2 protein chains.
Amino acid sequence: MKIDGIDKIIIKRLVKDARTPILSIAREVGISGAAIHQRLKKLEKSKLIDGYKMVINPRSLGYTTTAFVGIFLDSSSLYSSAIKRLKDIPEIVESHYTTGNYAVFIKILCKNNEDLMHLLNKDIQNIKGVSRTETFISLDQQISRQISI
Amino acid sequence: MKIDGIDKIIIKRLVKDARTPILSIAREVGISGAAIHQRLKKLEKSKLIDGYKMVINPRSLGYTTTAFVGIFLDSSSLYSSAIKRLKDIPEIVESHYTTGNYAVFIKILCKNNEDLMHLLNKDIQNIKGVSRTETFISLDQQISRQISI
DNA sequence: AGTGAAATTCGTTTACA
DNA sequence: TGTAAACGAATTTCACT
C-alpha cells in the first residue's frame with residue numbers, strides 16, 4: 001500500500017474533520033470528486049482508515065479529571081475475569097495488559113476527586129484479584145494526537 | 001444543556017460513524033432531516049461535540065507497539081521546555097503532567113522494540129532535565145472507547 | 001422543536017481516455 | 001488513475017406551526 005501526496009491531503013483533511021465533503025477536497029487538490037471517492041474507498045479497504053468518529057468533549061459532561069491507574073493483580077490468571085469487570089465501569093476509557101510493575105493499566109475519566117476515590121476504593125478494589133493500585137492524576141495534557149502520516 | 005433521547009441517538013450514531021448521513025438518522029428516529037440538522041448544530045455549539053475525526057489504524061503503518069512512559073524531571077521548572085521537545089517526537093500521541101512518581105507521563109506508538117529503545121535512549125533521554133524513565137509496554141488492549149453519554 | 005419545500009451541494013456510478 | 005456526465009441523495013435555509 002503506497003500513499004502519495006494526494007492521499008495525504010485526503011487523510012489530513014478528514015483527520016481534522018471527518019465530515020469534510022469529498023468534493024471540497026477534490027477542489028483543493030484539483031482532481032475530480034470521482035477520483036477522490038475512488039482513492040478514499042481504496043484507503044478504507046486497505047485498513048489504513050479505521051473509521052470516522054464524532055469526538056465527545058468529556059469536560060462538557062462534567063468529566064474534568066483524567067487519571068491513569070496501575071493495577072496489581074494477585075495472579076495473572078485473573079486477568080480476563082478482571083477485564084470483564086472493568087468493562088462495566090464506563091469511566092474507564094482504555095485498558096492495557098502491560099509489562100513492568102503493573103498487570104493492568106487503565107485510563108479513567110472522572111467528574112472530581114471524590115468520584116475518582118469512589119471508583120478506586122469501591123469499584124476497582126472490589127474486583128477479585130486486585131490487590132493494590134497506583135494512581136497518576138493528569139494535571140495538564142499537552143499532547144493529544146494521532147500517529148502522523 | 002439538556003440531552004434527550006433523540007440527541008442520544010444522534011450522538012451514538014455519529015460516534016460510531018461520523019459520516020452517517022443526517023437523513024439516515026432522521027429516518028431512524030422518525031423526525032425530519034431539518035430537525036436533526038437543527039439539533040446537531042445546537043450540540044456542536046454547546047461544545048459537547050468536539051469535532052469529527054477520521055481514525056488512522058497505526059498497525060497498518062507498522063506501528064504495532066503501544067507503550068506508556070513515566071518521565072522523571074530534575075526540576076518541574078523544566079516542564080515547558082521538555083514539552084516543546086516532546087512535541088517534536090511524532091510517535092508521542094499523548095502527554096500529561098501528572099501527580100505521583102513521574103512529572104511527565106506519555107503514550108507512545110512504535111514500530112518495534114528497537115524503535116522504542118531508540119526513542120527512549122536517544123530522543124527522550126537527551127531532553128534537558130530528563131533524568132530517568134520507566135516504561136510499560138502494552139501487550140494487549142482490551143478497552144478503547146469514549147466516555148458514555 | 002418541528003415541518004415541508006426549495007435551492008444547492010454531495011456521493012456514487014458509469015462509460016470512456 | 002483519471003474525467004465528465006448524470007442522477008439520486010443529502011445538506012442547508014426559510015417561512016410557518
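The model shown is predicted, which means the values in this text are computed figures rather than measured ones. Chain letters run A, B, ... following the sequence lines, proteins first and then strands; every chain starts at 1.
Across A:Asp50, A:Leu14, A:Leu43, A:Leu48, a single residue satisfies side-chain contact (heavy atoms from CB on, under 4.5 Å) together with B:Ile56, and that is A:Leu48.
Between B:Lys2 and A:Ser24, the residue anchored closer to the 5' end of DNA chain C is B:Lys2, taking for each the nucleotide with the nearest heavy atom.
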Worksheet item: Could you go step by step and tell me if B:Glu134 and B:Tyr102 meet the side chain to side chain contact (heavy atoms under 4.5 Å, CB included) rule?
Response: CA-CA 9 Å; B:Glu134 273 179 15; B:Tyr102 316 116; 2.4 Å; yes
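Comparing atom distances between the A:Ile6 side chain and each of D:dT1, C:dG11, D:dG2 picks out D:dG2 as nearest.
Of the residues in residues 29-52 of chain B, B:Ala34, B:His37 come within less than 4.0 Å of DNA chain D through at least one heavy atom, sorted by number.
Ring pair B:Phe136/A:His96: centre-to-centre distance not below 6.0 Å.
The shortest side-chain heavy-atom distance between B:Phe105 and A:Gln141 does not fall under the 4.5 Å cut-off. Taking 4.5 Å as the limit, some side-chain heavy atom of A:Leu119 sits within range of a side-chain heavy atom of A:Ile108. Counting heavy atoms from C-beta outward, B:Val104 and B:Thr98 have side chains that stay 4.5 Å or more apart.
Atom-to-atom, CG of B:Leu14 to C1' of D:dA10 comes out at 14 Å; the value is rounded to the nearest Å. What separates CG of B:Asp17 from P of D:dA10 is a distance of 13 Å, to the nearest Å. When the P atom of D:dA9 is taken as reference, atom CD1 of B:Ile25 falls 18 Å away, rounded to whole Å. Distance A:Leu23 CG to D:dT12 P: 13 Å, rounded to the nearest Å. Taking atom CD1 of residue A:Ile22 and atom C1' of nucleotide C:dT13, one finds them 13 Å apart after rounding to whole Å. Rounded to whole Å, the distance from CD1 on B:Ile9 to C1' on C:dA1 is 16 Å.
Ion pairing between a basic and an acidic side chain is recognised when a charged N comes within 4.0 Å of a carboxylate O; A:Lys107 and B:Glu94 show such pairing. Using a 4.0 Å cut-off between charged side-chain N and carboxylate O, A:Asp4 and A:Arg39 make a salt bridge.
With hydrogens and angles ignored, the 3.5 Å screen pairs a side-chain donor or acceptor of A:Thr99 with a backbone N or O of B:Ile137.
The phosphate of C:dG11 has OP1 or OP2 within less than 4.0 Å of a side-chain N or O from B:Arg19.
Comparing the local axis fitted to the first five base pairs of the helix from C:dA1-D:dT17 to C:dA17-D:dT1 with the one fitted to its last five gives a bend of 30°, rounded to 10°.
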